Structure formats: structure tokens, C-alpha cells
J.: 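One structure is given below, represented as C-alpha cells, and several questions about it will come after.
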Amino acid sequence: MAIGKRGRAARTYSVRKLTLPSILKPRLDELSAASGALYSQVLTTFWRTLRRSAGKRKDHRRQAVFLSSGTLQKLFPKDPAGLLHSHSCDAVVDAFIASVDSARTRKKTDPKARFPRRRKRFFKVTFKSSAIRVRDGQLILSTGDRAHPLVIPWAFDLPVNVEIGWRACGGYELRAMYVDTRPVQTPLGDGVAGIDIGEVRIAAVYDGQGVHLHSGRLIRARNHYANKHQAKLDARIARKKNGRPPGQRSSKRLRRLQRARRTLRDRIKRQNRDQLRKQARQVVSTLHESRVQTIAVGDLGDIRNRIDDGPRANQKLHAWMFGQFLTELKAQGEVRTAGRRHR
């Protein structure tokens, strides 16, 4: 269990993902559209209040008003259509405020970071614990209409939080969160290890006694296959006519090719993420047995801007997943022990 910003014990969660059947799509479209309408209202009110309070000219007598999450929740207790649970509406407000806080934090190191200003037609739907029940093999999610909750076949335990969103390759996906109850292991020592992240060797680890090499050729081969296959799909898509008169749909073959491209990207992304998680778990497990507590990793944040070796080399460089590997490494380190530190 990690320590939060305010010194409290922060819980860790595990996520179970489930693809929802297409028969639920009409109902889910209504809920996600209602969530998007509420998000747009919250976004408009937040920026309009800030703009009117600050004024167009600088005036020391006027003070800018930043609406808090609690104030916005009081202003918007329900969505315009009344289809969402009240706590689901609160979750929409919390998501917007979280994105504003995240952009404000990124602005300190990245001047190009942008605040959320775009309205959304659809938005994810979040159900908190007060709106979640499991009964007779069914997951019952409460909505604004008490007589017609969202019912999904369920063969798992009761989650603490449920989120329903749209996948990149198409279709709705359910994400159920559970509190991670695995015991925290204490560090066996206070050693320091250095990690050199690469492309062919995803990690070269030196713990003071020996070097452990972890191959990244599988991820590299997957990316190579995805680039070749996507190039063929792009060439076929380019030959189709995308322009169409208003009110008419594009050709069925074009939509089929676009769906195949999205499916390919999503499949390779899931496979690479799974491989990175396995390798990060193996690295952390090896260092834990070697009595290592601190991991030192070099900064590769601007390597793509410093190197230009031609189209082929740049394609491999931009497909290099060193940032995701660091994220998985930190996550596995927090799961293994709360005392592990990263530099």
C-alpha cells in the first residue's frame, strides 16, 4: 500500500476488463451521450465563469474565480436528460477537474500542455460503489431511472467501481476496479541498481554483482509486423472514396478496412502492454531477490528530438516504448514493496 500526497495510505487497485455485447449498445449510447452533455455543460460553465470573473483587461481589483469540484457538483446534480445516477454525475465533474489539475501540473515542465477546452458528444460513464450491486449472476448498475437499471451478466465478485467507455477498435468496454489485497513485501536490503533501457535489450540491469539482460526483440518484431500490415491497409484505404454527400454513409468496404486497421492497432497495443508488464515484473522480482531497494534510470525524454537517422531508424525510434516500460516498472515496484524508490 503506497502513501498518498496527504500522508494517508493510498489504496492500490486491480482492473478487470470485459467487452460488452452489441445488444447493449443503444442503451450505452444514451448513457454516454448524457455523460458527454453533462461534461460539456461543466466545461462551459467553468471557463465562462473564469473568463467573466477575470475580465479581458488586467485589473487588480478583479479576482479570477476557479470553480471547485464541490461547487460544480452542486451546480450540476443531474445530467440534462436525467439518465445518470447522481454519483455518476459527480464522477463526470471529478474527471474534468482531474484533467484541469493534470494540465496545470504538466504546464510546469511542458509549456505545450493544454487545458481541456473541447466539448464532448460522448463521455465515459462511471458507477461508484453506491450504484453497484451483484445479484443472481447479474451486475446491476443504477441509473437515473430506478425502474430500469443497466443489467449485465456477471460471474465475478462485487467491484468497488465500474467504468464503461468506448474502445479504440470499436465497441464498449467495462472496466471493473477491485481493491488490491495482496500483502506488501518489505525490502530485503538497501542496495542500488542501475537500468539502461534500450530497444533490442529492453533493460540491462546492473546491481553491483552482475548484469541481467532482458530482450525486447518480441516487441520490436510486433511493431515491425504492425507497420508493414498497416501500410498495406493504408494503401487500400487510400484507393477508396471517402467523400460522400450529406446524409449518406461511406462504402461498406472502406468502413471494413478502417475497422481492420483499428483492430490491428488495438491488438498490437494490448500484446505489447502485456509483454512490458511481464518483463517489468521479472526485473523487479530479480532486484528484490538481489536486495535492491533503489533503482536509477536515465532520462530519455528528449531522445526523439535529438536523433534523426532517416525514415527507417526514426520509425523504430518512435515506436520505442521506454516511457510505458518505466510506468510498468514503477507500478510493479509499488506492488512489490512500498519502500522501493525510483530516480
Side-chain angles (χ1 to χ4, degrees), residues 13-44 72-73 76-99 116 118-178 247 249-250 252 254-256 258-267 269-270 273:
Y13 296 89
S14 59
V15 181
R16 171 178 282 115
K17 295 183 179 181
L18 179 67
T19 302
L20 297 178
S22 58
I23 193 174
L24 296 175
K25 186 178 183 302
R27 181 70 188 282
L28 296 176
D29 285 341
E30 294 179 354
L31 296 176
S32 59
S35 181
L38 177 60
Y39 181 92
S40 300
Q41 282 189 343
V42 172
L43 180 141
T44 303
L72 289 172
Q73 289 177 0
F76 301 98
K78 296 292 292 184
D79 61 289
L83 299 177
L84 299 178
H85 192 272
S86 58
H87 289 174
S88 298
C89 298
D90 295 343
V92 173
V93 176
D94 293 338
F96 171 75
I97 294 298
S99 60
R118 181 175 297 179
R119 301 178 184 180
K120 295 183 181 295
R121 184 180 177 185
F122 298 96
F123 193 66
K124 62 182 180 180
V125 184
T126 304
F127 299 89
K128 298 186 178 182
S129 58
S130 58
I132 304 173
R133 292 174 293 166
V134 174
R135 182 183 302 168
D136 299 332
Q138 292 180 335
L139 180 66
I140 303 175
L141 304 175
S142 300
T143 60
D145 187 359
R146 295 184 179 181
H148 299 88
L150 182 62
V151 180
I152 300 173
W154 197 253
F156 311 101
D157 296 333
L158 177 68
V160 298
N161 194 295
V162 172
E163 180 181 290
I164 298 178
W166 186 261
R167 298 189 306 168
C169 63
Y172 283 97
E173 181 182 58
L174 184 144
R175 309 164 193 128
M177 297 176 57
Y178 296 88
R249 305 180 65 183
S250 58
K252 184 182 296 184
L254 174 62
R255 296 197 304 271
R256 189 180 302 164
Q258 291 174 342
R259 183 168 60 250
R261 184 173 57 182
R262 291 194 303 267
T263 303
L264 172 67
R265 292 173 179 174
D266 189 65
R267 176 165 56 87
K269 181 179 179 180
R270 291 197 309 268
R273 185 171 60 244

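Every value quoted in this text rests on a predicted model; they were computed, and no experiment measured them.
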J.: With sequence neighbours excluded, tell me which residues meet ring-ring contact (aromatic ring centres under 6.0 Å, His included) with Tyr172.
T.: Trp166

J.: Could you pull out all residues at least two apart from Glu30 that satisfy side chain to side chain donor-acceptor pair (under 3.5 Å)?
T.: none

J.: What is the minimum heavy-atom distance between Leu83 and Leu31, and which atoms define it?
T.: O-CD2, 3.6 Å

J.: Can you name the residues that form a side chain to side chain donor-acceptor pair (under 3.5 Å) with Lys17, not counting sequence neighbours?
T.: none

J.: Contact between Leu43 and Lys120 at the side-chain level, heavy atoms closer than 4.5 Å - yes or no?
T.: no

J.: Between atom CZ of Arg265 and atom CZ of Arg261, what is the distance when rounded to the nearest 0.5 Å?
T.: 5.0 Å

J.: Quick one: list whatever passes side chain to side chain donor-acceptor pair (under 3.5 Å) with Gln73, sequence neighbours left out.
T.: Ser69, Asp94

J.: Nearest 0.5 Å, please: how far is CZ in Arg175 from CG in Leu18?
T.: 11.5 Å

J.: For Thr44, give me all partners under side chain to side chain contact (heavy atoms under 4.5 Å, CB included), at least two apart in sequence or on another chain.
T.: Arg48, Arg119

J.: Listed by chain and number, what are the side chain to side chain contact (heavy atoms under 4.5 Å, CB included) partners of Arg267, not counting sequence neighbours?
T.: Tyr225, Leu264, Arg270, Gln271

J.: Mind listing the closest non-hydrogen atom pair of Ser35 and Val92 along with its distance?
T.: OG-CG2, 3.4 Å

J.: What is the distance from atom OG1 of Thr19 to atom CG of Leu174, rounded to the nearest 0.5 Å?
T.: 9.5 Å

J.: Mark yes or no for whether Thr263, through its side chain, and Arg259, through its backbone, hold a donor-acceptor pair below 3.5 Å.
T.: yes

J.: Could you tell me which residues satisfy salt bridge (Lys or Arg N to Asp or Glu O under 4.0 Å) with Lys124, sequence neighbours excluded, listed by chain and number?
T.: Glu163

J.: Rounded to the nearest 0.5 Å, what's the gap from CD1 on Ile132 to CG on Leu141? Could you check?
T.: 6.5 Å

J.: Got Met177 and Val15 here, is their nearest side-chain heavy-atom distance under 4.5 Å?
T.: yes

J.: Applying salt bridge (Lys or Arg N to Asp or Glu O under 4.0 Å) as the test, list every pair that has at least one member in residues 76-92; sequence neighbours left out.
T.: none

J.: Sequence neighbours excluded, which residues qualify as ring-ring contact (aromatic ring centres under 6.0 Å, His included) partners of Tyr39?
T.: Phe96, Phe123

J.: Would you name the heavy atoms of Ser142 and Phe127 that are closest together and state the gap between them?
T.: O-CE2, 3.4 Å

J.: Please list, chain by chain and in numerical order, all residues satisfying side chain to side chain donor-acceptor pair (under 3.5 Å) with Tyr178, sequence neighbours excluded.
T.: Arg16

J.: May I have the list of side-chain donor-acceptor pairs in residues 146-155 shorter than 3.5 Å, sequence neighbours left out?
T.:
unit_1: His148; atom_1: ND1; unit_2: Asp145; atom_2: OD2; d: 2.8
unit_1: Trp154; atom_1: NE1; unit_2: Phe156; atom_2: O; d: 3.2
unit_1: Trp154; atom_1: NE1; unit_2: Asp157; atom_2: O; d: 3.0

J.: What distance do Ser40 atom OG and Leu38 atom CG have between them, rounded to the nearest 0.5 Å?
T.: 8.5 Å

J.: Please collect all side-chain hydrogen bond (donor to acceptor under 3.5 Å, both in side chains) contacts where either partner lies in residues 125-141, sequence neighbours excluded, each pair once.
T.: His87-Ser130

